[in-house]
Visitor: 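Structure incoming, see below.
Atoms within a ligand are numbered from 1 in the order they appear, just like the ligands themselves. Only a predicted model underlies this, so the values are computations on that prediction, with no experimental measurement involved.
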Amino acid sequence: MPTLLLKSQTTAWIEELPRHLPDLKVRHYPDIGDPAGIDYALVWLPPPGLLKSLPNLKVIFSLGAGVDHILADPELPAGIPIVRISDPHQCHLMSEYALLAVLYFHRAMPAILADQLQAKWTRRWPLYTPETAVGVLGLGEIGQDIARKLCAIGFPVHGWSRSPKRVDGITCHHGQAGLRAMLPLCRYIICVLPLTEATQGIIDAAFLQALPPGAFVINMGRGGHVVDKDLLAALDIGHIAGAFLDVFDVEPLPPAHPYWQHPKVVVTPHCAGDVVPRTAASAIVANIRRHLGGDKLHNVYQPDRGY
Ligand code: NDP
């Protein structure tokens, strides 16, 4: 009987997974039982050494679109496939967040909320939407959904990926030359990249300088994508007009961090998208069935490209 170890505070998985595979036994960390009896692990932020302690582990399932929280384990056992989650509802949540952040700045909400505190009636209008471009860094499952939805409400949308892409209605760019061409065009830039060696610190002083004056930065990828001191400097000189940040190098964001009190920054507690058992369980179980049947797994992390 296949057995899966769950390391998550979301207990709904315990009922949801066997609904799709009644034979599956789920053990909830820290109640591991006999470590040798565990075939699969479904984890968010596994404690270092946990996965290594499971001698018969066959597949690691990430409870997030990224796998950086698993790769951070210095004792991660080699050679075990890591599967990235694919959840249509998480995509939907991420797109909601991206639209919220873009529209918050586009409709001048920071100024309107400040006016309200002083009972000031100042009417403000956005720039002409069909001429106000949004750039999406990362055109994977999530980035494409965001790009399509921004396009549907009338923004010109540019997207950036590692390899060349074609997405209806979106101007696609790739590689370093593509990034250089895209950045000066984008008033809003949204990061939904995976954190890899190549994307670590991508939003640095040079990147920010390449954006037009008055641009806004929205980071919903990982904290490591942004060089905080460079973003703070660009905000303070006014080149960047605002930032909407969901992810941080250290989470929870420490109370003394300058982002908390910064008048041009919105901080949210890594809540842009979550994996929802009701919509994600079937894809996980489909991969378990593939593994049991000796078939190729879907959505496997590829070490050579880092995501
Ligand atoms: P995918 O793997 O489907 O897509 C990743 C995209 O990034 C691809 O388009 C890929 O290019 C592109 N990319 C990767 N490396 C580079 C690079 N060096 N240069 C240019 N483009 C690059 O991931 P998802 O869309 O599922 O998720 C993206 C990220 O969103 C996650 O890794 C995670 O960091 C973040 N996330 C954050 C959440 C939150 O709550 N804040 C929730 C969920 C995800 P190509 O198409 O060529 O492969």
Visitor: Considering I146, L93, I142, D87, which one's heavy-atom position lies nearest to atom 25 (O) of ligand 1?
Guide: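 Among I146, L93, I142, D87, the closest heavy atom to atom 25 (O) of ligand 1 belongs to I142.
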Visitor: Applying a heavy-atom cut-off of 4.0 Å, say which part of K165 lies close to ligand 1: side chain, backbone, both or neither.
Guide: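 Under 4.0 Å from ligand 1, K165 contributes side-chain atoms alone.
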Visitor: Taking all non-hydrogen atoms of both residues, which atom of D145 and which atom of C91 are closest, and how far apart?
Guide: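 It is OD2-O, 3.5 Å.
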Visitor: Kindly indicate whether the side chain of F244, heavy atoms from C-beta on, has any atom under 4.5 Å from the side chain of L100.
Guide: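 F244 vs L100: side chains touch.
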Visitor: Quick check on contacts: which atoms of ligand 1 are under 4.0 angstrom from a heavy atom of M220?
Guide: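 Atoms satisfying the 4.0 Å criterion: 35 (C), 36 (N), 37 (C), 38 (C), 39 (C), 41 (N).
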Visitor: Between D274 and ligand 1, find which residue part has any heavy-atom pair under 4.0 Å and reply side chain, backbone, both or neither.
Guide: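 Neither; nothing of D274 gets under 4.0 Å from ligand 1.
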Visitor: Is it the side chain, the backbone, both or neither of T196 that has a heavy atom closer than 4.0 Å to ligand 1?
Guide: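 Looking at T196 and ligand 1, no heavy atom falls under 4.0 Å.
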Visitor: Could you tell me whether the side chain of W160 and the main chain of L139 form a donor-acceptor pair under 3.5 Å?
Guide: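 Between the backbone of L139 and the side chain of W160 there is no qualifying donor-acceptor contact (under 3.5 Å).
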Visitor: Is the closest heavy-atom distance from R84 to ligand 1 below 4.0 Å?
Guide: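 Under 4.0 Å: yes for R84.
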Visitor: Have a look at ligand 1 and work out which part of L193, if any, has a heavy atom under 4.0 Å from it: side chain, backbone, both or neither.
Guide: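 Both backbone and side chain of L193 come within 4.0 Å of ligand 1.
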Visitor: Report the part of S163 (side chain from C-beta onward, or backbone N, CA, C, O) that has a heavy atom under 4.0 Å from ligand 1; answer both or neither where that applies.
Guide: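 Both of them.
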Visitor: Identify the closest protein heavy atom to atom 32 (O) of ligand 1: which residue and atom is it, and at what distance?
Guide: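 The closest one turns out to be P194 CA, 3.2 Å.
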Visitor: Please list, in number order, the atoms of ligand 1 under 4.0 Å from a heavy atom of E141.
Guide: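 Selected atoms, number and element: 3 (O), 25 (O).
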Visitor: Taking the side chain as C-beta and beyond, is there a heavy-atom pair between E15 and V26 under 4.5 Å?
Guide: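 No, too far: nothing below the 4.5 Å cut-off.
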Visitor: What I'd like to find out is whether the side chain of R27 reaches to under 4.5 Å of the side chain of T3, using heavy atoms alone.
Guide: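 Contact flag for R27/T3 side chains = yes.
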Visitor: Can you name the one residue among Y128, W125, F155 that meets ring pair (Phe, Tyr, Trp, His ring centres under 6.0 Å) with H106?
Guide: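 Exactly one candidate clears the test, F155.
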Visitor: For atom 17 (C) of ligand 1, tell me which residue out of T199, L179, L195, D68 has the closest non-hydrogen atom.
Guide: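 Closest candidate by heavy-atom distance is T199.
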Visitor: Which residue and non-hydrogen atom of the protein lie closest to atom 9 (O) of ligand 1, and at what distance in Å?
Guide: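 It is L139 N, 2.9 Å.
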Visitor: What protein heavy atom lies closest to atom 15 (N) of ligand 1? Include the residue and the distance to one decimal.
Guide: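 In this structure, atom 15 (N) of ligand 1 has Y307 CE2, 3.5 Å as its nearest protein heavy atom.
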Visitor: State, yes or no, whether a side-chain contact exists between L245 and L231 at a heavy-atom distance under 4.5 Å.
Guide: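 Counting from C-beta outward, L245 and L231 do come under 4.5 Å.
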Visitor: Indicate, with yes or no, if the rings of Y40 and H291 have centres closer together than 6.0 Å.
Guide: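 Yes: the rings meet the under 6.0 Å criterion.
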Visitor: Which of the atoms of ligand 1 are close to Q90, meaning less than 4.0 Å from one of its heavy atoms?
Guide: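 Result: 42 (C), 43 (C).
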Visitor: Just by modelled atom types, is the A36 backbone N or O under 3.5 Å from a matching donor or acceptor in the N56 side chain?
Guide: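 Pair found, side chain donor or acceptor close to backbone of A36.
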